[in-house]
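What follows is one structure encoded as structure tokens, with my remarks underneath.
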Amino acid sequence: MSSSASVSRSEFLKSVTERGYLHQVTDAEGLDAKLQGGPISAYIGFDATADSLHVGSLLPIMMLRMLQKTGHKPVVLMGGGTTKVGDPSGKDESRKMLTDADIDRNLQGIRSIFEQFLTFGDGPTDAIMVNNDDWLKELNYIAFLRDYGRHFSVNRMLSFDSVKLRLEREQPLSFLEFNYMILQAYDFVELNRSRNVMLQMGGSDQWGNIVNGVELGRRVAGAELFGLTTPLLTTASGAKMGKSADGAVWLNADRLSAYDYWQYWRNTEDADVGRFLKLFTELPMDEIARLEALEGAEINEAKKVLADEATKLCRGAEEAAAAAETARKTFEEGTAASADLPTIDVPTADLNDGIGILDALTRAGLTQSNGDARRQIKGGAVKVNDAKIDDQARLLQSADIGPEGTIKLSLGKKRHVLVRPV
């Protein structure tokens, strides 16, 4: 097994390497050769644990999109069957058991997301969506164990991170969950048999499961299968992708407005801008290089481009333009925006020394007292320049002054005050 790709000639592997999608691949040279030989089919699995996916699922979705744009066929595998079991990877405890009705409802909600990113149809490179419940629910348990279970070593299964970490933390791992990796491996074999799928992709936490499928296909069918993973994605500060201070950053429009989705990307940390432009937009690499070289206040222009491009992909060009215009009117229209928002003047010297956030909120009239300010921060209602504050000892300082010469204090979604140094 190879941990990284060598110099690639296929457009897909060159692109995923250049843009930072590639973490591990089972046989880089073999896969590269297959990709050069014509369209291949590749899949990624998504379990239906909620009625929407969030930004944490965006990296694999973008991988499928890139696969299609480079002339190959994406297969979206919905885990209607495996959701009933629960993937233990990266989990400290068992998932909540969902009913069939819950899973069906979640599948309906998730399907619409992929239509934003992929072209579905009957053509050689058109995407298709399949549900592993279609074959898993028909399995004969004894026959399955005899035909497939004998190819799995419990000793080896115990060594995989998804199992080992749970056991090391002394968290219970049910026999139900222990079967997950066998079922996922079987999915790969079944998709190869029925759809000629030869590549499974997923996050780095799925490496062991993917390798199992590659090896199972070789053992039971002599199939030449490949696996590829993306890196574990966190922000520069170590936060997990898909979460914000307000909760999950949902991809479905009925769960999160286009404006809030746009703002999520606009609030990207400076150190992440270049990386996220490569992963979550389709801008040319030379344009990304220009944007990520911006410094100081100019980096905000790159963040706006990131927000525009990421929102276009997920919500469409009209929604992205409307979200950007709302942001411009609310926060960046200069005197017009300032005229619409109350403004308080504070001595520049105070900001140089730092004003406590509790004092600033009370001075601005957003809270009645320091105690009230503490409660609002604890409740997640306070933002500085649209970034949520959870530290009651946070200081408002000169470094917070934005390009318009003010600091924006917010309480909830509708109450805003500009702090202007004088």
Side-chain angles (χ1 to χ4, degrees), residues 26 41-50 57 60 75-91 93-100 102-104 106-107 110 128-167 172-221 223 225-229:
T26 55
S41 296
Y43 88 98
I44 299 178
F46 300 85
D47 280 348
T49 53
S57 296
V75 177
V76 181
L77 175 66
M78 300 309 303
T82 42
T83 299
K84 299 173 185 177
V85 176
D87 182 3
S89 301
K91 307 292 188 300
E93 57 186 25
S94 300
R95 282 178 174 166
K96 174 188 172 186
M97 297 298 289
L98 300 177
T99 66
D100 287 351
D102 291 332
I103 293 171
D104 287 343
N106 290 344
L107 289 173
I110 290 170
I128 60 170
M129 183 175 286
V130 295
N131 185 345
N132 64 12
D133 195 48
D134 292 344
W135 56 83
L136 293 181
K137 68 183 178 183
E138 303 296 336
L139 288 180
N140 178 301
Y141 185 61
I142 299 298
F144 180 73
L145 288 179
R146 283 173 59 89
D147 293 342
Y148 297 97
R150 62 192 177 89
H151 294 289
F152 289 84
S153 161
V154 171
N155 307 62
R156 187 163 183 238
M157 291 168 74
L158 288 171
S159 73
F160 287 125
D161 285 345
S162 59
V163 174
K164 185 170 63 175
L165 294 177
R166 181 81 72 85
L167 297 179
L173 177 72
S174 70
F175 181 69
L176 178 69
E177 292 172 288
F178 194 58
N179 278 272
Y180 187 93
M181 64 181 73
I182 299 178
L183 296 176
Q184 182 170 329
Y186 178 72
D187 282 345
F188 199 175
V189 174
E190 171 62 26
L191 286 171
N192 176 255
R193 182 193 64 77
S194 63
R195 305 275 184 177
N196 197 31
V197 173
M198 62 177 61
L199 170 64
Q200 181 184 175
M201 302 185 293
S204 59
D205 62 334
Q206 296 296 314
W207 177 248
N209 291 338
I210 291 172
V211 169
N212 273 336
V214 170
E215 294 181 349
L216 184 64
R218 175 177 53 79
R219 288 172 181 160
V220 303
L225 304 180
F226 302 90
L228 184 154
T229 63

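What you see is a predicted model, and the numbers here were worked out from it, not measured in a lab.
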| message | For the CD1 atom of Ile110 and the OG atom of Ser57, what is their distance to the nearest 0.5 Å? | response | 8.0 Å

| query | Are any side-chain N or O atoms of Thr26 and backbone N or O atoms of Phe226, one a donor and one an acceptor, separated by less than 3.5 Å? | reply | no

| field | Contact check, side chains of Val75 and Val130, non-hydrogen atoms, under 4.5 Å | value | yes

| task | Determine, stepwise, if the pair Tyr43 / Ile128 fulfils side chain to side chain contact (heavy atoms under 4.5 Å, CB included). | result | CA-CA 10 Å; Tyr43 88 98; Ile128 60 170; over 6 Å; no

| field | Side chain proximity check, Asp100 to Asp133, heavy atoms < 4.5 angstrom | value | no

| message | Looking at every non-hydrogen atom in both residues, tell me the closest pair between Gly213 and Val189 and how far apart they are. | response | O-CG2, 4.3 Å

| field | Nearest non-hydrogen partners of Arg195 and Ser41, listed with the distance | value | O-OG, 4.1 Å

| message | What I'd like to find out is whether the side chain of Val220 reaches to under 4.5 Å of the side chain of Asp147, using heavy atoms alone. | response | no

| said: Tell me whether Arg219 contacts the main-chain N or O of His151 through its side chain, where contact means a donor paired with an acceptor under 3.5 Å. | reply: yes

| request: Taking the side chain as every heavy atom from C-beta outward, state whether Gln200 and Ile44 have any atom pair closer than 4.5 Å. | output: no

| request: First locate atom CG of Asp104, then atom CE of Met78, and finally report the distance between them rounded to the nearest 0.5 Å. | output: 11.0 Å

| request: Enter the distance from Thr83:OG1 to Leu107:CG here, rounded to the nearest 0.5 Å. | output: 7.0 Å

| request: Check whether any side-chain heavy atom of Leu183 sits under 4.5 Å from a side-chain heavy atom of Leu136, and report yes or no. | output: yes

| Is the closest side-chain heavy-atom distance between Leu216 and Phe188 below 4.5 Å? | no

| query | Can you tell if the side chain of Leu191 reaches within under 4.5 Å of the side chain of Leu77, non-hydrogen atoms only? | reply | yes

| task | State which residue, out of Ile210, Thr82, Asn132, fulfils the side-chain contact (heavy atoms from CB on, under 4.5 Å) condition with Gln184. | result | Ile210

| Do Asn192 side-chain atoms and Val197 backbone N/O form a donor-acceptor pair below 3.5 Å? | yes

| Within the side chain of Asn131, is there an N or O that forms a donor-acceptor pair under 3.5 Å with the backbone of Gly80? | yes

| Do you know which two heavy atoms are closest between Glu190 and Trp135, and how far apart they sit? | CG-CD2, 3.5 Å

| How long is the span from the OH atom in Tyr186 to the CD1 atom in Ile182, to the nearest 0.5 Å? | 13.0 Å

| Any donor-acceptor pair under 3.5 Å from Thr229 side chain to Trp207 backbone | no

